[in-house]
Amino acid sequence: QVKLVESGGGLVQAGGSLRLSCAASGRTFSNNAMGWFRQAPGKERVFVAGIDPSGGSTYVVESVKGRFTIARDDAKNTVYLTINSLRPEDTAVYYCAASRDRRTSYYTGAYAYWGQGTQVTVSS
């Protein structure tokens, strides 16, 4: 059974940092792009960062550029999202996802596997 399990979320004060992890099991995703999405209450799930196979290229949406960093460790079958200078508007459930192929995409439909999400809450 293929599973993606996120961890590392929590309640933090504005200005703090978190590192989210996404551990995959059941198969390797070394040949798949991986992405992180977030969903705030009452809003759609949106792409925030992605990484190509082997980490050759990374993509971060403009609104979080400079604060969010994505990385992968294929030996551990794990993807990370480091968030610095957290803001209250970063409050959301963060999901990792495995793309259907090698291409990173902003669209949820391009991803075949999803984790259950990890809650990030930023207090002001």
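Below, all heavy atoms of this structure are taken into account, side chains as well, without hydrogens, waters or symmetry copies. Just so it is clear, the structure is predicted and the values come from calculations on it, not from any experiment.
Hydrophobic cluster membership differs between Met34 and Tyr80, with clusters built from Ile, Leu, Val, Met, Phe, Trp and Tyr side chains linked at under 4.5 angstrom. Note on Tyr111 and Tyr106: same hydrophobic cluster, where clusters join Ile, Leu, Val, Met, Phe, Trp and Tyr whose side-chain heavy atoms are under 4.5 Å apart, directly or indirectly.
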Notebook entry, point to check: Does the side-chain contact (heavy atoms from CB on, under 4.5 Å) test come out yes or no for Thr118 and Val93, once each step is laid out?
Noted result: CA-CA 5 Å; Thr118 186; Val93 178; 6.0 Å; no

Check: Does the pair Tyr94 and Glu6 meet the rule for a side-chain contact (heavy atoms from CB on, under 4.5 Å), with working shown?
Finding: CA-CA 8 Å; Tyr94 284 73; Glu6 302 95 335; over 6 Å; no

Next item on the list: Report the C-alpha separation of Asp52 and Tyr59 in whole Å, then their side-chain angles, then the decisive distance to 0.1 Å, and conclude whether the side-chain contact (heavy atoms from CB on, under 4.5 Å) test is met.
Entry: CA-CA 9 Å; Asp52 286 349; Tyr59 308 86; 3.1 Å; yes

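Arg87 places no side-chain N or O within 3.5 Å of a backbone atom of Val122 that could act as its donor or acceptor partner. Between the side chain of Thr78 and the backbone N or O of Lys76, at least one donor-acceptor pair lies under 3.5 Å.
Between Leu18 and Leu86 the shortest side-chain heavy-atom distance falls below 4.5 Å. Counting heavy atoms from C-beta outward, Trp114 and Leu4 have side chains that stay 4.5 Å or more apart. Residues Cys96 and Val79 have side chains not in contact (no heavy-atom distance under 4.5 Å, counting atoms from C-beta outward). A heavy-atom distance below 4.5 Å is found between the side chains of Val120 and Leu20.
Judged as a side chain to side chain contact (heavy atoms under 4.5 Å, CB included), and not counting sequence neighbours, the contacts of Val46 are Arg38. With sequence neighbours left out, the side chain to side chain contact (heavy atoms under 4.5 Å, CB included) criterion links Thr58 to Ile51, Ile70.
Of the charged side-chain nitrogens involved, at least one lies within less than 4.0 Å of a carboxylate oxygen, so that Arg67 and Asp90 count as a salt-bridged pair. A salt bridge links Arg72 and Asp74; the closest N-O separation between the charged side-chain nitrogens and carboxylate oxygens is under 4.0 Å.
Shown here for Arg102 and Ala33, the closest heavy-atom pair between the two residues is O-CB, 3.6 Å. What you find for Lys43 and Gln39 is that their closest heavy atoms are O-NE2, 3.1 Å. What you find for Asn77 and Ser25 is that their closest heavy atoms are ND2-N, 4.4 Å. Shortest non-hydrogen contact noted between Trp36 and Cys22 is CZ2-CB, 3.7 Å. In terms of heavy-atom proximity, Ser30 sits nearest to Pro53 at O-CB, 3.3 Å. Here the shortest heavy-atom pairing between Tyr113 and Phe29 reads CD1-CE2, 3.6 Å.
For the atom pair Leu81 CG and Phe68 CZ, the distance stands at 6.0 Å (nearest 0.5 Å).
With no hydrogens or angles considered, a side-chain donor-acceptor pair links Gln119 and Thr121 at under 3.5 Å. In this model, no donor atom of one side chain and acceptor atom of the other lie less than 3.5 Å apart for Asn32 and Ser99.
Between Phe37 and Phe47, the ring-plane angle classifies as perpendicular under the 30° and 60° cut-offs.
The environment of CZ in Arg27 is crowded: more than 12 heavy-atom neighbours from other residues, nucleotides or ligands sit within 6.0 Å.
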